[in-house]
Engineer: 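Once you've had a glance at the structure underneath, I'll fire off some questions.
Just so we're clear, the structure is a prediction, and the values are computed from it rather than from any experiment. Just so it is clear: chains get the letters A, B, ... in the order the sequence lines come, proteins before strands, and each one is counted from 1.
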2 protein chains.
Amino acid sequence: MSLITSFKELTEHLATLNHQPRVAVVCPYDEGTCGAVADALSDGFIRAILVGDKSMIEATGLPARFPSLVEIEEASTPAEAAAAGVRLAREKKADILMKGLVGTDVLLHAVLNKEQGILDRGNLLTHITVSHVPGMNRLLFYSDVAVIPYPTLEQRVKMIHLDLGVLRRFGIERPKVALIHFTEKVNPKFPNSVDYVELIKLAENGEFGDAVLGGPMDVKTACDLHSAQVKGIESEVCGAADLLIFPNIESGNTFYKTLSYFAKARMAGMLLGPDVPVVLPSRSDSADSKYNSLALAALACH
Amino acid sequence: MSLITSFKELTEHLATLNHQPRVAVVCPYDEGTCGAVADALSDGFIRAILVGDKSMIEATGLPARFPSLVEIEEASTPAEAAAAGVRLAREKKADILMKGLVGTDVLLHAVLNKEQGILDRGNLLTHITVSHVPGMNRLLFYSDVAVIPYPTLEQRVKMIHLDLGVLRRFGIERPKVALIHFTEKVNPKFPNSVDYVELIKLAENGEFGDAVLGGPMDVKTACDLHSAQVKGIESEVCGAADLLIFPNIESGNTFYKTLSYFAKARMAGMLLGPDVPVVLPSRSDSADSKYNSLALAALACH
């Protein structure tokens, strides 16, 4: 497939596919969720199973507007709707799970349920974000801004595997992965910088297939070739990073929020690790970001 | 004094002052340092003592170009130049110390020397950055992107005191301070979020004078009122933060580098805590940022 370098190219690519993944939307009662689902239905790249109170779902107008693309799965309480959405995913009747007007903790509780959930034992639950900064010639992927505060080496290995699976869906054949730190120096005082050396060794031994890892390096070195050259850092990743792995949730989250507010970037995000991608927008996400997240999940599950 | 809301207003304000602080520039041999010093001399807001090898200093052309504003202090090695620059500051013959073509570790070694240095026992060495993002109606101040990896509660108290001293020089009479975290929830798993509660109590008891502290909150909530309103967070700081205190160096550094590269912000920075402000540009800093840092230090020492 050809390389996808923007959200516009992503949705154009999805429109060319014959198969529309089924999104189980838990409690689709709020305007933000319904607007994003309506746009994705209208653009033809998903079908939807709306899970929750039937009269509230009908009040959104979605079933009447898209009769051939929308089904309703009744559930009375948010907890029951969450469990029903997860069950649909487990029974392979839904390809994507999306959070509507239900608490994140309620939905995650159902996802992580040991008997009835959709996260296999030993699998990692992590979050991937994709951003497009105006003027940039490619998408930037990064983890983890939301789920794992301080990943261990083992968790980072699993995280990179999950993330690279997504990058390859975007046609990035030889992903460049930047291991982010505040300096390029390795120092035992900062255990993540030592883990980075291990990760690079694993990559050189083929752990991640055709992918290049570089670091420690800061976000500017990862994305701006000029900064790397001034610092004399030589790595194929410098100025060309596709995927940024952050040292901790505070730095990842700061990157995400700063790109979004100050650099006016367009955003998408989803949870990785469960049987199906989980779209879990936060309250302050824009309608555009919710729509992009649906597109991201739709590509990831194809 | 009136409020300074941009770097242009900062240098305009400095030009109106009668007194020009003396900057001891250690090893001013590189183009970046000399260019910034020349511009600041030319704009009339500093005098300079160039510390190092006499013939190398004369080769820069600065002494010939600004004969009435520039002195030379001879020193043969970079370590001797660093010690000489620090001595000038200690003897109150220099008001600002600036790093040229000398290792950061060499200069800091001289600054921190127990007998001959300029950091009093019990004082904190910290770093403050100031950014102006295009289109923003104010400057953003933040700490610590460079020196203290994981500040303790006591260090944070000292850091906020030092930072607020700078903000007040910019005419910010009632600074709003955002205590940054990845979520607004306080959780003992994240000790900095617990420290933030203590800091807010201290502020309410008058520790920081006329200043408002708020948090935990993320950078978007701190700077974007709309995000705060969507999340239902009520604090005078939301969307109006003047000073951002970061949980750790990884998140602070990520904010700094992301604003600089992706949001095209103008930057300035300096070390606080020693007897005089120390301007310590990094290799990848732009000429503009070195010049702004001199202006920042010039205001701070007035």
Engineer: Which atoms form the tightest heavy-atom contact between B/K257 and A/F182, and what is the distance?
Structural biologist: NZ-O, 4.3 Å
Engineer: Of all heavy-atom pairs between B/T258 and A/T258, which one has the smallest distance, and what is that distance?
Structural biologist: CG2-CG2, 3.8 Å
Engineer: Minimum heavy-atom separation for B/K220 to A/S260, with atom names?
Structural biologist: NZ-OG, 2.8 Å
Engineer: Should we say atom NZ of B/K8 is surrounded by more than 12 heavy atoms from elsewhere, each under 6.0 Å from it?
Structural biologist: no
Engineer: Do any of residues 134-146 of chain B have a heavy atom less than 4.5 Å from a heavy atom of chain A, and if so, which, in residue order?
Structural biologist: B/M136, B/L140
Engineer: Between A/Y261 and B/V219, does the side-chain contact (heavy atoms from CB on, under 4.5 Å) criterion hold? Intermediate values first, please.
Structural biologist: CA-CA 9 Å; A/Y261 181 62; B/V219 292; over 6 Å; no
Engineer: Which one wins on heavy-atom pair count under 4.5 Å against chain A: B/D224, B/V133, B/V230?
Structural biologist: B/D224
Engineer: Rounded to the nearest 0.5 Å, how far does OG of A/S251 lie from CG of B/N253?
Structural biologist: 9.5 Å
Engineer: Heavy atoms, side chains only, cut-off 4.5 Å: are A/N248 and B/N248 in contact?
Structural biologist: yes
Engineer: Side-chain donor-acceptor pairs under 3.5 Å in residues 187-195 of chain B, sequence neighbours left out?
Structural biologist:
from: B/N187; atom 1: OD1; to: B/K189; atom 2: N; distance (Å): 2.8
from: B/N192; atom 1: ND2; to: B/H181; atom 2: ND1; distance (Å): 3.3
from: B/N192; atom 1: ND2; to: B/Y196; atom 2: OH; distance (Å): 3.4
from: B/S193; atom 1: OG; to: B/N187; atom 2: N; distance (Å): 3.0
from: B/S193; atom 1: OG; to: B/N187; atom 2: O; distance (Å): 3.0
from: B/S193; atom 1: OG; to: B/F190; atom 2: O; distance (Å): 2.7

Engineer: Against chain B, label A/Y256 side chain, backbone, both or neither, depending on which of its atoms sit under 4.5 Å from a heavy atom there.
Structural biologist: neither
Engineer: Check whether any side-chain heavy atom of A/F262 lies under 4.5 Å from a side-chain heavy atom of B/C223, and answer yes or no.
Structural biologist: yes
